[in-house]
Amino acid sequence: MSAAARPTMSLKHLELFSQGAIDLIERADLSLRLGSGRALRVKFGMDPSSPDLHLGHCVQLFKLRALQRAGMQIVLIVGDSTAMVGDPSGRNKLRPQLTRAEVEANLETYISQVSKVLDMQRTEVHRNSEWFDKMRFEDVLQLASRMTVARMLERDTFQKRVGDNEPIGIHEFLYPLMQGWDSVMIRADVELGGSDQLFNLIVGRHLQEQTGQTPQVVLTLPLITGFDGRKMSKSYDNSIPLTDSAREMFHKVLRVEDKNVKQWLELLTEVEPAEIERLCAGDWRDAKDRLASEITGFFHGRQSLDDVREAPSMPWPDPTADRMPLANLIKQLGLSASTSDARRAVQQGAVTLDGTVATDPVFQVERARLPLLLQLGKRRAARILPPT
RNA sequence: GGGGAGAUACUCAAGCGGCCAACGAGGUCAGACUGUAAAUCUGAUGGCACAGCCUUCGGCGGUUCGAAUCCGCCUCUCCCCA
């Protein structure tokens, strides 16, 4: 648990950095910097472009957590300016630009979610509007002149869009430059990102070199996939948001494909490597259960695991009503997105009351019957208690 | 600047005056089966205290008993030429 970075530890640290990495550019350079014995400035940027973080982001965050514990200085960049541009990485479409108000709203939830993984007391946080808001057009032009269009168009994502007759906004070319400029401004030693970020990270090296800094070490980590096998992403709707209830999170994690269980254990938990080997050699059920328990326990606390197997308690939603139609009750408990949705679930036999299937959406649930166990499918349930 | 094509629900994509809350596919949700998995089969998939009503087909107006479908203007995108 020693947090001091001493030269003698540099080899161990090198291992810590490179574990699980896809790209490490340049390894020798990292080794050299570690040898200096100082706390390296490790940059990680996130755009508050959607309100919630999900497990995909956590691959990076867990690595940062380990590095932070090893005494590295984590520098978190909240991309409030870049969020208004939208990262074109992996995008086959023009991303809608966010307004400043939307970005502000997302930013707050981000920080609180990151604090579950990182010690924010020891984390340096910057918004990139700190420097971008001060730039004049002249400065923007100068930054833009540091990169060529040909170089930009090398990116597969842009190539693909050109091929598919999809629009590319000029402002999208600015995105990698902005991200790279962040590195210059905070004098990053290392920048961490998903493997799809390689191009952007390399631009950071390029810009640092041009401005007389030593280019940062670039470290990319694997992207984990969502339910559908594609990169886990909010926009593909295949992600596991950190805001999920313990129950939702647990069950979604259980749906991970068998072949990814090991990777998730390595990237998203702090289970010892030897233990991971042991788990993966055994029954998948146990490995998955452990994985889901680790992840859910980490974000919601160990005691939440009881709630996963038991239904969480919720009060009767409308204290003034003596009875409510089943569908409306489900909606008001927040177990379904809409009343119509609840009705459909009921009609399809997905809902049980105290273990008995209820198929009538307008069935009147009496308040006098409380407490009552209501289950909707396998993943949603509530123990309804009388109002206090 | 000139010419052509297009904008439909989470995504892709049919529909081209009433039978349209809108074919189909993917996704998602649920049921069966299972390992609370995957695969497979089945059903559902705008909202509403729901046999009815309300709001949707880029936007605003118009024609019509009736418009996603016809007309006008606007916004946005792609392609070809300059």
Side-chain angles (χ1 to χ4, degrees), chain A residues 50 90-97 158 160-172 225-241 244-265 279-280 282-293 295-296 305-311 317-318 320-352 356-367 374-381:
Chain A
S50 67
R91 281 267 154 174
N92 53 10
K93 273 202 170 173
L94 200 62
R95 194 184 274 254
Q97 288 176 261
F158 286 141
K160 186 169 188 315
R161 282 208 241 161
V162 169
D164 294 350
N165 295 337
E166 291 286 348
I168 301 173
I170 296 284
H171 67 286
E172 294 187 88
T225 55
F227 316 123
D228 51 4
R230 291 188 293 176
K231 170 194 169 188
M232 184 179 285
S233 162
K234 170 89 174 175
S235 33
Y236 293 152
D237 204 19
N238 63 357
S239 64
I240 304 179
D244 270 357
S245 68
R247 195 181 182 88
E248 283 174 308
M249 184 179 278
F250 189 91
H251 286 282
K252 282 185 187 173
V253 173
L254 274 184
R255 291 177 64 191
V256 64
E257 292 175 74
D258 287 358
K259 63 176 184 191
N260 290 331
V261 170
K262 189 174 179 191
Q263 185 189 46
W264 283 41
L265 279 165
L279 283 167
C280 292
D283 194 325
W284 286 116
R285 262 174 300 181
D286 299 333
K288 276 193 185 175
D289 193 84
R290 178 66 183 277
L291 175 66
S293 301
I295 292 176
T296 309
L305 293 174
D306 298 336
D307 266 358
V308 168
R309 276 135 182 145
E310 307 278 315
D318 182 357
T320 63
D322 288 330
R323 61 177 63 103
M324 301 180 71
L326 181 54
N328 298 278
L329 177 63
I330 292 169
K331 165 64 170 53
Q332 288 194 33
L333 287 168
L335 295 180
S336 72
S338 66
T339 315
S340 301
D341 202 38
R343 291 179 139 260
R344 288 191 283 271
V346 173
Q347 280 160 355
Q348 292 188 82
V351 175
T352 62
T356 315
V357 177
T359 52
D360 179 9
V362 295
F363 174 78
Q364 295 291 322
V365 181
E366 305 278 339
R367 191 168 72 165
L374 189 154
Q375 279 197 298
L376 198 173
K378 294 183 182 90
R379 295 189 199 106
R380 286 168 279 179

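Atoms considered below: every heavy atom in the structure, side chains included; atoms not considered: hydrogens, waters and symmetry mates. Note that the structure is predicted; figures quoted are calculated from it, not measured. Each chain gets a letter, A, B and so on, in the order the sequences are listed, and its residues count up from 1.
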Rounded distance in Å between the C1' positions of B:C48 and B:U56: 15 Å

Between C1' of B:C29 and CG of A:Leu335, the distance in whole Å: 14 Å

Side-chain N,O (A:Arg344) to OP1/OP2 (B:C50) below 4.0 Å: no

Position toward the 5' end of RNA chain B (nearest nucleotide), A:Val351 or A:Val162: A:Val351

Rounded distance in Å - CD (A:Glu166) to C1' (B:A7): 12 Å

Spacing between A:Arg161 atom CZ and B:C78 atom C1', to the nearest angstrom: 13 Å

Identity of whatever pairs with B:A7 - Watson-Crick or G-U, under 3.5 angstrom: B:U75

Value rounded to 0.5 Å, distance of CZ in A:Phe250 from CG in A:Leu291: 9.0 Å

For A:Ala342 against A:Lys331, the heavy-atom pair lying closest together: CB-N, 4.5 Å

d(CD1, A:Ile168; P, B:C76) in whole Å: 19 Å

Nucleotide of B:A37, B:A30, B:C48 approaching A:Asp258 most closely (side-chain heavy atoms): B:A37

C1'-based separation of B:G15 from B:C19 [nearest Å]: 13 Å

Interatomic distance at C1', B:A67 relative to B:G61, whole Å: 14 Å

Side-chain donor/acceptor of A:Gln348 to base of B:G43, under 3.5 Å: yes

B:C74 and B:G4, which share atom name P, separated by this distance in whole Å: 16 Å

Any strand: nucleotide that pairs with B:G43 via Watson-Crick or wobble, under 3.5 Å: B:C29

Under 4.0 angstrom between A:Lys378 side-chain N/O and B:C29 OP1 or OP2: no

Integer angstrom distance from the P of B:C10 to that of B:G18: 25 Å

Comparing A:Ala321 and A:Val256 on RNA chain B - which has the more 5′ nearest nucleotide: A:Val256

Nearest heavy-atom neighbours spanning A:Arg247 and A:Gln375: NH2-NE2, 3.9 Å

A:Asp341 CG - B:U28 P separation (whole Å): 15 Å

Separation of the C1' atoms in B:U45 and B:C79, to the nearest angstrom: 36 Å

A:Asp286 CG to B:A37 C1', straight-line distance once rounded to whole Å: 13 Å

Distance, C1' atom - from B:A21 to B:C53, rounded to whole angstrom: 13 Å

Base of B:C50 paired with side chain of A:Ser340 (donor-acceptor, under 3.5 Å): yes

Counter-base of B:U56, judged by Watson-Crick or G-U geometry with both distances under 3.5 Å: none

A:Phe363 side chain near A:Val346 side chain, heavy-atom distance below 4.5 Å: no

Under 4.0 angstrom between A:Ser338 side-chain N/O and B:C48 OP1 or OP2: yes

Between B:C48 (C1') and A:Gln332 (CD): distance, integer Å: 13 Å

Backbone N/O of A:Val261 and side chain of A:Lys288: donor-acceptor pair under 3.5 Å: no

Enclosure of A:Gln364 CD (heavy-atom neighbours >12, cutoff 6.0 Å): yes

Atom-to-atom span, CD1 of A:Ile330 to C1' of B:A44 - whole angstrom: 15 Å

Complementary nucleotide for B:C12 - Watson-Crick or wobble, under 3.5 Å: B:G24

Partner of A:Val365 under side-chain contact (heavy atoms from CB on, under 4.5 Å), chosen from A:Leu326, A:Leu374, A:Asn328: A:Leu326

Phosphate contact (B:C29 OP1 or OP2) by A:Arg255 side-chain N/O below 4.0 Å: yes

B:U28 and B:C78, which share atom name C1', separated by this distance in whole Å: 31 Å

Pairing nucleotide - B:G1, Watson-Crick or G-U, each distance under 3.5 Å: B:C81

Any A:Arg343 side-chain nitrogen or oxygen under 4.0 Å from OP1 or OP2 of B:C48: no

Closest nucleotide among B:C48, B:G35, B:A30 to the A:Arg379 side chain: B:A30

Touch class at under 4.0 angstrom, heavy-atom based, for A:Arg380 against every strand present: sugar-phosphate

